[in-house]
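Chain naming here is simple, since letters A, B, ... match the order of the sequence lines and numbering starts at 1 in each.
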Protein chains: 2
Amino acid sequence: MITLTEENYIKAIYHLGKQGVETVNTNAIAEALQTKASSVTDMLKKLAEKGYADYIKYQGVNLTLEGKKIAIGIIRKHRLWEVFLVEKLNFKWDEVHQVAEDLEHIKSEKLIDQLDAYLKHPTHDPHGDPIPDRDGNFKQIEKILLSQATLGKKYQCVGVKDTSSAFLNYLDANTIALGTEIVLLHKEPFDQSIKIKINSREITVSQNVAKNLFLKTV
Amino acid sequence: MITLTEENYIKAIYHLGKQGVETVNTNAIAEALQTKASSVTDMLKKLAEKGYADYIKYQGVNLTLEGKKIAIGIIRKHRLWEVFLVEKLNFKWDEVHQVAEDLEHIKSEKLIDQLDAYLKHPTHDPHGDPIPDRDGNFKQIEKILLSQATLGKKYQCVGVKDTSSAFLNYLDANTIALGTEIVLLHKEPFDQSIKIKINSREITVSQNVAKNLFLKTV
DNA sequence: ATAAAAATTTAGATTAATCTAAATATAAAT
DNA sequence: ATTTATATTTAGATTAATCTAAATTTTTAT
């Protein structure tokens, strides 16, 4: 049996591993989980012992295949619950994370499969992140940041990098949601701000916004 | 902050307290929670210290007002989730308990209030038990067991005493569900079996069944 | 009313997860 | 190539929840 704490460590290692780094180090995990490095060391030994991770003293840690499977299962649950909260219970997309953080640990295959079916097998969560299927497969749509987009082209909003309430509320206030069409009108060299057209309205957004909004070409 | 374990003890004490007994004793709790009496003693001290229970050594325990509030809150969550599982996710009524047992501990006021609204403020769970409202109020409909019903009268099925899969499956197989109308046709003195009419079909049920099916007069 | 049985509590250990402080290893800087 | 700084691990404690076994209290039976 896997404990809640173990699940949280596995998830953290998985996410940190996806940031391009191949081997995840102790301090990064401690930072992510708001705990102390010594606690992390203890847990890494335990995860290695249980076969969820490959861990070499002082060198860092990687998830085993089994560890990855567990991580993906948790992520699947987390994102399905997020969809449920937004679509059925009228949560706003900045309110779902904390609750989903708890719901993702409920263990019942039937629950998740039925939830998945009830939501009509969604492929992406309210932040645009892909939802793994039963077998753990998912494809990341190739997406770019608004800051890297090309002038004049037409895009569709597919996700956010920053998931803070502040940013998500900003987007709501400016009627930018998943699926919103965006045309890049002008890039201001002076401060990297960007003028875009959304819903036939023109607005200018800061570099900060442009660096946290994911788009795909349409 | 209240821990998961504390919540489970409080719920167990609440349910045991409802069985007519005024003061709940240690062994009953140990039995209900499948743990040892010594563990119960430790927890009772803790619950008393935290103000959730009144506990007198060797005498037994009672929930304080605050303890009762917590218990009712958990029961509200449990029963709302049961409704959700049956109505939205196609669980059968014998499959919901274990999952609801986990879901009931998720702490989010908004989650529960929205779920309640989404389910259209149900007043009873799939086993016929009443669902407390936000303020903890609920009314038990006066119900009797089939074994105590009167000959010739018309009743409606409103709940079950035994919630085992075996019993619930038996009811399903015999098309007896919540709301089903039942007329009592004959009581057999020899073995206390009872002949009833349901959905214009006549069947005979054992004493055991009759003692576990709750009805109300219509 | 006293002895026997049952229920309950205490004392002392154990396990999981955590922490602090000290020790050790690795990386960076001169 | 040392020294210094940073990262990581170890050693030893702590807390919550649990257990076993022994001690104590209450209840039941004679």
Please state how far atom [atom1] in [X] lies from atom [atom2] in [N], giving the value in whole angstrom units.
X	N	atom1	atom2	answer
K45(A)	dA16(C)	NZ	P	14 Å
E31(A)	dA7(D)	CD	C1'	14 Å
D42(B)	dA13(C)	CG	P	15 Å
Y9(A)	dA16(C)	OH	P	15 Å
N8(A)	dA16(C)	CG	P	17 Å
Q59(B)	dA7(C)	CD	C1'	11 Å
I29(A)	dT18(C)	CD1	P	13 Å
E49(B)	dT15(D)	CD	P	13 Å

Establish, with yes or no, whether the OP1 or OP2 oxygen of [N] is under 4.0 angstrom from a side-chain nitrogen or oxygen of [X].
X	N	value
S39(A)	dT18(C)	no
N27(A)	dT8(D)	yes
N25(B)	dA7(C)	no
K36(B)	dT9(C)	no
Y55(A)	dT9(D)	yes
K57(B)	dT24(D)	no

Candidates dC19(C), dT8(D), dT9(C) - which lies nearest the side chain of T41(A):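 My answer, after comparing the listed nucleotides, is dT8(D).
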Does a donor on one side chain and an acceptor on the other come within less than 3.5 Å for [X] and [Y]?
X	Y	value
D54(B)	T64(B)	no
S206(A)	N208(A)	no
H78(B)	D125(B)	no

Sugar-phosphate, base or nothing in reach of T26(A), heavy atoms under 4.0 Å: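 Touches sugar-phosphate only.
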Sugar-phosphate only, base, or nothing, as touched by T5(B) at under 4.0 Å among non-hydrogen atoms: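 Contact class for T5(B): sugar-phosphate only.
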SB check E7(B) K107(B) (cutoff 4.0 Å):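 Counted as a salt bridge, because a side-chain N and a carboxylate O are separated by less than 4.0 Å.
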Nearest-nucleotide 5' precedence on DNA chain C, Y58(A) against A37(A):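 In this pair, the answer is A37(A).
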Q148(B) atom CD, neighbour heavy-atom count above 12 within 6.0 Å: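 More than 12 heavy atoms, drawn from other residues, nucleotides or ligands, come within 6.0 Å of this atom.
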Presence of donor-acceptor pair under 3.5 Å, side chain of S38(A) and base of dT20(C):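 By the distance-only test, yes, there is a pair.
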